[in-house]
There are 2 protein chains.
Amino acid sequence: MNLGPQQTFRALADPTRRQILMFLKKDSMTLGEIAGHFDMTRAAVKKHLVMLEDGLLITSRAEGRERIHKLQPAGLKSAIEWLGYFDQFWDERLASLKTAIESETGEQE
Amino acid sequence: MNLGPQQTFRALADPTRRQILMFLKKDSMTLGEIAGHFDMTRAAVKKHLVMLEDGLLITSRAEGRERIHKLQPAGLKSAIEWLGYFDQFWDERLASLKTAIESETGEQE
DNA sequence: TTAATATGATACTTTTTGGTATCATTATGA
DNA sequence: TCATAATGATACCAAAAAGTATCATATTAA
């Protein structure tokens with residue numbers, strides 16, 4: 001079922017597409033709304049949206065004549081999983097988390 | 001100093017390059033050794049190595065007439081950082097870590 | 001020294017990507 | 001109804017990416 005992280009990594013490789021993900025993090029949007037944030041045609045933005053859907057990073061549903069595009073962060077899972085093979089860079093993030101959890105459990109008990 | 005994750009994401013978008021990173025995770029290698037694992041010319045592999053260096057994912061040092069390529073996992077930092085803006089997918093990974101840390105601190109105190 | 005080896009560099013080809021322009025389709029609102 | 005608005009689809013173009021072929025350079029080993 002999971003065909004690996006290829007489409008996901010490819011979708012993430014373009015700055016416009018990453019920007020779109022950031023926008024969709026705040027709110028779901030129509031094609032027109034998304035295109036309004038960029039200096040390119042709707043057709044170009046549409047193609048980016050298709051690649052983001054291929055990468056399982058967004059979903060969309062028709063609503064009348066509009067189509068609402070929504071972030072699907074779970075699609076990042078395969079990429080994150082692949083990155084997980086390289087344990088080292090998790091250190092910093094995990095270190096701060098460890099501190100947070102330890103102080104938290106300290107207060108609770 | 002940090003020019004953002006663009007080069008890193010781009011480097012990660014190709015399956016051959018991700019495969020190279022997996023190889024280098026086990027051991028540093030020369031161009032010839034790496035190329036030996038792929039069905040393409042050395043020149044092609046060389047180009048992939050250049051892109052991996054651009055993405056700060058590997059470093060290399062000349063050693064006689066050979067050049068040793070070494071994984072530089074810290075280069076993934078900017079990409080991981082960007083992915084960090086989407087907190088949700090960390091849940092699963094972080095949940096298991098939380099369990100591990102809590103039981104650990106429980107035993108210590 | 002000199003032949004072999006490993007890499008570097010460059011020119012060229014093909015495919016993919018990112019983009020525009022254009023037309024078709026569908027839904028909406030006056 | 002019918003003009004308009006939103007999206008879908010397709011053909012086309014330019015630039016980047018992925019790869020080959022070839023030649024140059026530098027190091028090693030006989």
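Quick note: numbers below take in every heavy atom, side chains included, and nothing from hydrogens, waters or symmetry partners. Chain naming here is simple, since letters A, B, ... match the order of the sequence lines and numbering starts at 1 in each.
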Of A/Gly64 and A/Asp14, the one whose nearest nucleotide on DNA chain C sits closer to the 5' end is A/Asp14

What's the separation between atom CG in B/Leu71 and atom NZ in B/Lys26, rounded to the nearest 0.5 Å?
12.0 Å

Please list all pairs meeting side-chain hydrogen bond (donor to acceptor under 3.5 Å, both in side chains) that have one or both residues in residues 39-53 of chain B, counting only residues at least two apart or in different chains.
B/Arg17-B/His48, B/Glu53-B/Ser60

Tightest non-hydrogen contact, residues A/Glu33 and A/Ser28, listed as OE1-O, 4.3 Å

Below 4.0 angstrom from OP1 or OP2 of D/dA17, is there any side-chain N or O of B/His48?
no

Report the distance from atom CD of A/Glu53 to atom C1' of D/dG8, rounded to the nearest whole Å.
13 Å

Under 3.5 Å donor-acceptor pair, A/Arg65 side-chain atoms to D/dA5 base atoms
yes

How many Å lie between CZ on B/Arg10 and P on D/dA16, as a whole number?
10 Å

For B/Leu52 and D/dA18, give me the distance from atom CG to atom C1', rounded to whole Å.
14 Å

How far apart are the closest heavy atoms of A/His69 and A/Thr30, and which atoms are they?
ND1-C, 4.0 Å

If you walk 5' to 3' along DNA chain C, what is the first nucleotide with an atom under 4.0 Å of a heavy atom in chain A, and what is the last?
C/dT17 to C/dT28

Tell me whether the side-chain N or O atoms of B/Lys47 pair up with the base of D/dG19 as donor and acceptor below 3.5 Å, since no angle test is needed here.
yes

Of all of residues 18-42 of chain A, which get a heavy atom below 4.0 angstrom from DNA chain D, listed by number?
A/Thr30, A/Leu31, A/Gly32, A/Arg42

Evaluate the ring planes of A/Trp82 and A/Phe9, with Trp represented by its six-membered ring, and classify them as parallel (under 30°), tilted (30 to 60°) or perpendicular (over 60°).
perpendicular

Looking only at heavy atoms, what is the nearest atom pair of A/Gly55 and A/Ala11, with distance?
CA-CB, 4.5 Å

Only one of A/Asp54, A/Leu31, A/Leu57 passes side chain to side chain contact (heavy atoms under 4.5 Å, CB included) with A/Leu49, and that residue is A/Leu31

Rounded to the nearest 0.5 Å, how far apart are CD1 of B/Ile58 and CD1 of B/Ile68?
12.0 Å

Heavy-atom side-chain contact between B/Met22 and B/Arg18 under 4.5 Å
no

Between C1' of D/dA6 and NE2 of A/His69, the distance in whole Å:
11 Å

